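One structure below.
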Amino acid sequence: REDTPLVGTTTKVRPSALSPTSQCRLSTRGSPIAPASRTRAAREHPHRIDERLPEGHRPPRAEPRRPARHFQEALALQRKIYGGPHPETALTLHNYGFLRLDEGRLEEAEALTRESLEMRRSVLPKGHSDLAVSLNNLGLIVKRRGHLDEAEACYRESLEITRAADGEDSLEIPVTLMNLGGIYRDKGEFAKAEPLLEDALARDRKFFLSPNVALVRDMTSLAQTKTGLKKYSEAEALLKEATAALGKTGVPPEHRAYADVQDVYAAVLLKTGRVDEARSVIETALRTFAAKPTIRAGFEKLQASLPSR
């Protein structure tokens, strides 16, 4: 369940309202932070994707045909004006690719993002931070298309560029660490995933000033990895902390983040032989998410795996 770009009340970008050539910025996470208390500039890139944003918190998909036409017209005009590869054309391709990604049109999103990345490689200095943004987005797209090895390579290069361009204290680093750790976790390489996810969580603990759904997703992802390593007590502690943190965020019980925590928690309970407790968690989840068939299906599958009473 890690394929969830980030959460928060500070999302800046709504694709339907974008100017195709504007320097569009998506808040990469978190609850509101006063500008005087902490700068957000280093954390906001043009359509940077953090894999922890639940579907309900992604930019709305109003009138998908209209912005698509605007992007197409802008690209045609830019190609006529600039004649060849240009940073502004690459930006428009990148933003258009984000729109297609948000619409779930992954093949088109991949083609546009690849074209943007190659154009940026040809017109920007080596190691430019925009390359890290493109690589991060491409990594998410190819991951969703099932190409985990290529996604890993994208995230690795993105992380290397970010560290070189923005420094070790860059607020983008935990985003890419979490994405890369998620790749290893999905590949079953838990020993590789664990230090990356621990690093990401430690960095985010310093960034967030209050309980936050994105921070909860960090904990959940790490707990899932520790479950794979049979570190059940550590996983359970993280899940209890995540549940307590969610209670302080004010999100409703039917929020997807609760489902993610309960899903992993049920798995931990089953792995440690506490079948009755797992059954209770699953039955509660089935009632809570009765109106959400996609989420409910996952818990029905877990319920079917339970031994008979």
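Values in this document were obtained by computation on a predicted structure and should not be read as measured data. Residues: numbered from 1 along the sequence shown.
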Practice item. Give a yes or no on whether K187 atom NZ has more than 12 heavy-atom contacts from other residues, nucleotides or ligands under 6.0 Å away. Key: yes

Practice item. For E107, look at atom CD and say whether over 12 heavy atoms of other residues, nucleotides or ligands are found less than 6.0 Å away. Key: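 Not more than 12 within 6.0 Å, no.
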
Review point. Do side-chain atoms of T113 reach the backbone of H94 as a donor and acceptor pair under 3.5 angstrom?
Key: no

Point to revise | Side-chain donor/acceptor of S122 to backbone N/O of M119, under 3.5 Å | key: yes

Check this for me: does any side-chain nitrogen of one of [X] and [Y] sit under 4.0 Å from a carboxylate oxygen of the other?
| X | Y | value |
| --- | --- | --- |
| E73 | R69 | yes |
| E110 | R144 | no |
| R145 | E150 | no |
| R279 | E283 | no |
| E254 | K292 | no |

Check your understanding: Atom CD in E115, atom CG in L117: separation rounded to 0.5 Å?
Key ->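 Going from the CD atom of E115 to the CG atom of L117 covers 11.0 Å.
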
Is any side-chain heavy atom of [X] less than 4.5 Å from a side-chain heavy atom of [Y]?
| X | Y | result |
| --- | --- | --- |
| T162 | S158 | yes |
| K231 | F190 | no |
| T249 | N212 | no |
| K206 | R203 | no |
| L201 | L238 | yes |
| L91 | N95 | yes |
| Q303 | R296 | no |
| L196 | R185 | no |

Review point. Of V175, L140, L135, which meets side chain to side chain contact (heavy atoms under 4.5 Å, CB included) against Y155?
Key: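 Single side chain to side chain contact (heavy atoms under 4.5 Å, CB included) partner of Y155 among V175, L140, L135: L140.
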
Check your understanding: With no hydrogens and no angle check, do the side chains of Q78 and T92 hold a donor and an acceptor under 3.5 Å apart?
Key ->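 A pair is found: one side chain offers a donor N or O, the other an acceptor, under 3.5 Å apart.
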
Point to revise | Residue pair Y184 / E152, side-chain donor-acceptor N/O under 3.5 Å | key: yes

Practice item. Would you sort out whether L106 and L101 count as a side chain to side chain contact (heavy atoms under 4.5 Å, CB included), showing the intermediate values? Key: CA-CA 6 Å; L106 298 183; L101 170 63; 3.6 Å; yes

**Study point:** Test side chain to side chain contact (heavy atoms under 4.5 Å, CB included) applied to L138 and R114, step by step
**Key:** CA-CA 7 Å; L138 182 59; R114 284 189 186 280; 3.8 Å; yes

Practice item. List the steps, then state whether side chain to side chain donor-acceptor pair (under 3.5 Å) holds for Y96 with E108. Key: CA-CA 9 Å; Y96 190 14; E108 292 180 62; 4.9 Å; no

